[in-house]
There are 2 protein chains.
Amino acid sequence: MTATVRGVPDTSSRQVTITDIAREAGVSVPTVSRVVNGRDDVSAATREKVEALLRHHGYRVQRGPRPSRAFLLDLVFDDLDSPWAVEIIRGVEEVAHAAGAGTVVSAVHGRSASAEAWLQNLHRRASDGVLLVTSDLQQDLGPVLRESSVPLVVVDPAGLPPVGVPSVGATNWAGGVAAAEHLVRLGHRRIAHVGGPAHLLCSRARLDGHRAGVEAAGLVLQDELVREGDFRQGSGLREAQALLDLPEPPTAVFAASDQMALGVYEAVRRRGLRVPEDLSVVGFDDLDLATWASPPLTTVRQPLAEMGAAAARTLLDLADGREVPHPRVELATTLVVRSSTAPPRGLAASDTESGGK
Amino acid sequence: MTATVRGVPDTSSRQVTITDIAREAGVSVPTVSRVVNGRDDVSAATREKVEALLRHHGYRVQRGPRPSRAFLLDLVFDDLDSPWAVEIIRGVEEVAHAAGAGTVVSAVHGRSASAEAWLQNLHRRASDGVLLVTSDLQQDLGPVLRESSVPLVVVDPAGLPPVGVPSVGATNWAGGVAAAEHLVRLGHRRIAHVGGPAHLLCSRARLDGHRAGVEAAGLVLQDELVREGDFRQGSGLREAQALLDLPEPPTAVFAASDQMALGVYEAVRRRGLRVPEDLSVVGFDDLDLATWASPPLTTVRQPLAEMGAAAARTLLDLADGREVPHPRVELATTLVVRSSTAPPRGLAASDTESGGK
DNA sequence: CAGGTTTCCGGAAGCGTTTCCGGAAGCGGG
DNA sequence: CCCGCTTCCGGAAACGCTTCCGGAAACCTG
């Protein structure tokens, strides 16, 4: 099968118009127009005939009025390098699909350079709205999008979203509290934090929650136990190694993402230690991989798909010119206890809280 | 901040036209047209003035000629429930973005019911082409898409793609051989296979490769050691448990996906056994999670992003009416040795091949 | 300053499509 | 056979936009 394949079957000379179709079908131009637009005041016979020709010539409308809506939602990530993203995509896609809209996924790899070009594309395809996900660009793009009057919703805002821009997030702070409380109850006193980039709102909220949960038990979160990562596994490994090198290493680690938690696992493994016997680990997100890590990871569940879905619904409301009742939504996080947390070594399982899901 | 937000700022009465803008700006209609289309034969002052009005009124083209290309690529998955997908998306998005096109991601959850509706959407938005990923729908949709003359490329074909439809895959068979050879060289004799759904081409190829690799060493792959999963973790767990229950359990497992390999990990963990001491495990895909599993997973790398990119390039070629030189492409798989494979218990590390990455 | 070139813009014509309106059939009931 | 009604379709006009072309003004160049 070495035959090559041609893309457009009929590249005769010029795009066909309804005039051509009309002439060939022996009907008038308006009639063809009616068929194309699915009006019902055309006889079955005529419709059949015209439709056949339409299909045969691969007719595509090429001037006429543009539809008021493009039925496209733009979903913009900073990067597409994590299973994280697919959860959001799934939520958005489901809602968009139900509304007959397509989901355009893009990544503004890093810098505004490509963002400029991306904006042009956006404008050309007349997207109905933009969902911006945890992006540093939020600050740069926000105003531009605002001005171009494209509906905008921010998912998991990186900072305070501009006024008038609805956002959907999760209760990061509460999640941090829950994680800390869980570990405290197990008897841990030195609970380290491996956070995300400090300039992100969600990172700060998780850390503050952690601190609050610890302090509620009359403990303090020492500075040496707070490390900054970038949500990726590598940073979890790196920071966990630093923590284990401490003269008095922690007995538990709360990592601000599941991926970093896996990095912590690896640091533990490389030391010949074990989770949770030597170190308890709590993650954040509850991605698929949390269930299937060895051991299954205790983590703070963040309903990513639901967040995407909620954001998409809000965006569709905006695009339709409906009012958005709740410009700021935070969905609840919940602690999911699995097998990566246990009482610290040397402490009898007093009021044990570990165990299966 | 309880203020509601309105989507469309100016819903005065009627959509603004360039005629309105022209009148208000005190210029002619063609001039506004030129500004809108970014022509360069407009003075800076005039352009500025018109652009301001355009923005202010939120002008959107509403008739004129449609662009010949929509600059949209449709990327269709069966389901969006795996980190798998995001790799493909990334590859496609990169190429599409570079070509100024958007990537529309959708999931035809299961059945043709929604596929029908989806096709309608597709047609309405006049997508430039469709990338179909490992879908059972390939058979159903293929012909329909064919007739509607939408360029189509199949990624990781589920079966033999229809003639005339280019496809991009990976050398699944060779990957299976590599995995088996690696395990045989470590001294394994009973190497089980946990495969994907048998009706998928890639599943069959991986199993056949496994068999071939084993037989090349003068061994046979016994039927009891061949299990069928669905590429997801749960099935890996289930099938591995069945294998471990065998009177003479295998000393190594080749799972046809990384996710199933993690399921195998979990089965081993639940038995109180260890990887690789008690069971060597090889996966397939080399997703991110393979690197960060405990222990890091030896796996057959499948260049998913590159596959997506190659498919997208092919699709763009088709959409442009260029000829596609290679209707069928298979990208190379490579074995990545990490720490989940070792010689079987009771066998001295003869010609050891385990070790770090 | 004459002549040529470039820059910038408007009038007119044209694009493919839709909308409006009216007329020709077809049909059943008186 | 006529009447009113519906169904189906065509001519003409309108739609919003683009392209073509020519002319006025500004800007050089010697």
Side-chain angles (χ1 to χ4, degrees), chain A residues 8 10-71 120 123-126 148-149, chain B residues 8 10-71 120 123-126 128 149:
Chain A
V8 182
D10 177 3
T11 324
S12 54
S13 58
R14 208 179 90 264
Q15 275 281 35
V16 292
T17 70
I18 52 172
T19 314
D20 301 329
I21 303 284
R23 190 171 341 105
E24 191 166 342
V27 298
S28 73
V29 168
T31 300
V32 179
S33 171
R34 281 186 280 257
V35 171
V36 170
N37 293 60
R39 298 293 159 77
D40 55 354
D41 54 346
V42 179
S43 72
T46 310
R47 146 162 292 123
E48 199 98 356
K49 186 169 51 176
V50 172
E51 269 176 349
L53 282 172
L54 250 22
R55 266 200 306 275
H56 175 249
H57 286 99
Y59 169 77
R60 282 169 51 145
V61 174
Q62 52 202 33
R63 282 188 96 93
R66 311 268 179 97
S68 57
R69 294 264 310 269
F71 290 97
Q120 295 231 340
H123 200 257
R124 177 175 33 175
R125 77 173 83 102
S148 61
S149 81
Chain B
V8 182
D10 177 2
T11 324
S12 55
S13 58
R14 208 180 88 266
Q15 275 279 36
V16 294
T17 70
I18 52 172
T19 314
D20 303 328
I21 303 283
R23 191 171 341 103
E24 191 168 340
V27 299
S28 74
V29 169
T31 300
V32 179
S33 170
R34 280 186 280 256
V35 172
V36 170
N37 292 59
R39 298 294 159 76
D40 55 356
D41 53 347
V42 180
S43 72
T46 309
R47 150 163 289 125
E48 199 98 355
K49 186 170 50 177
V50 173
E51 271 177 348
L53 283 171
L54 249 24
R55 269 198 305 272
H56 175 249
H57 286 98
Y59 170 77
R60 281 171 52 142
V61 173
Q62 54 202 33
R63 280 188 97 93
R66 309 272 178 94
S68 58
R69 293 265 309 269
F71 289 97
Q120 294 230 342
H123 200 257
R124 177 174 33 173
R125 77 173 84 101
D128 293 334
S149 79

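Excluded from the calculations below are hydrogen atoms, water molecules and symmetry mates; all remaining heavy atoms, backbone and side chain alike, are included. Proteins get letters first, then strands, A, B, ... in listed order; numbering begins at 1 in each.
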Notebook entry, point to check: Heavy-atom contacts under 4.0 Å between residues 31-40 of chain B and DNA chain C, which residues?
Noted result: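 Only T31(B), R34(B) qualify.
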Notebook entry, point to check: Closest approach of A70(A) and A126(A), non-hydrogen atoms and distance?
Noted result: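 Minimum heavy-atom separation between A70(A) and A126(A): CB-O, 3.1 Å.
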Next item on the list: List the atom of Y59(A), the atom of I18(A), and the distance in Å for their closest heavy-atom pair.
Entry: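 Closest pair (atom of Y59(A), atom of I18(A), distance): OH-CG2, 3.5 Å.
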Note to self: Please compare P30(A) and D41(A) by the position of their nearest nucleotide in DNA chain D and report the one closer to 5'.
What the structure shows: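 Its nearest nucleotide being more 5', the pick is D41(A).
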Would you list the atom pairs, donor with acceptor, under 3.5 Å between side chains in residues 44-51 of chain B and any protein atom, with sequence neighbours excluded?
unit_1	atom_1	unit_2	atom_2	d
T46(B)	OG1	S43(B)	OG	2.8
R47(B)	NH2	R39(B)	O	2.4

Check: Where the side chain of R63(B) is defined as all heavy atoms beyond and including C-beta, which of dG11(C), dC9(D), dT18(C) is the nearest nucleotide?
Finding: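 Nucleotide nearest to R63(B)'s side chain: dT18(C).
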Could you check if a side-chain atom of [X] sits within less than 4.5 angstrom of a side-chain atom of [Y], using non-hydrogen atoms only?
X      : Y      : value
R60(B) : R66(A) : no
D20(A) : H57(A) : no
T17(B) : V29(B) : no

In whole Å, what is the span from the [atom1] atom of [X] to the [atom2] atom of [N]?
X      : N       : atom1 : atom2 : result
R66(B) : dT17(C) : CZ    : C1'   : 9 Å
R23(B) : dC17(D) : CZ    : C1'   : 16 Å
Q15(B) : dC17(D) : CD    : C1'   : 14 Å
R60(A) : dC15(C) : CZ    : C1'   : 18 Å
Q62(A) : dC17(D) : CD    : P     : 18 Å
I18(B) : dC15(D) : CD1   : P     : 14 Å

Between [X] and [N], is there a contact of a side-chain N or O with OP1 or OP2 at under 4.0 Å?
X      : N       : result
S28(A) : dG11(D) : no
S43(B) : dC9(C)  : yes
Y59(B) : dG16(D) : no

Check: How large an angle, rounded to 10°, do the end axes of the helix from dC1(C)-dG30(D) to dG30(C)-dC1(D) enclose when each is built from five base pairs?
Finding: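 That helix has its two terminal axes inclined by roughly 10°.
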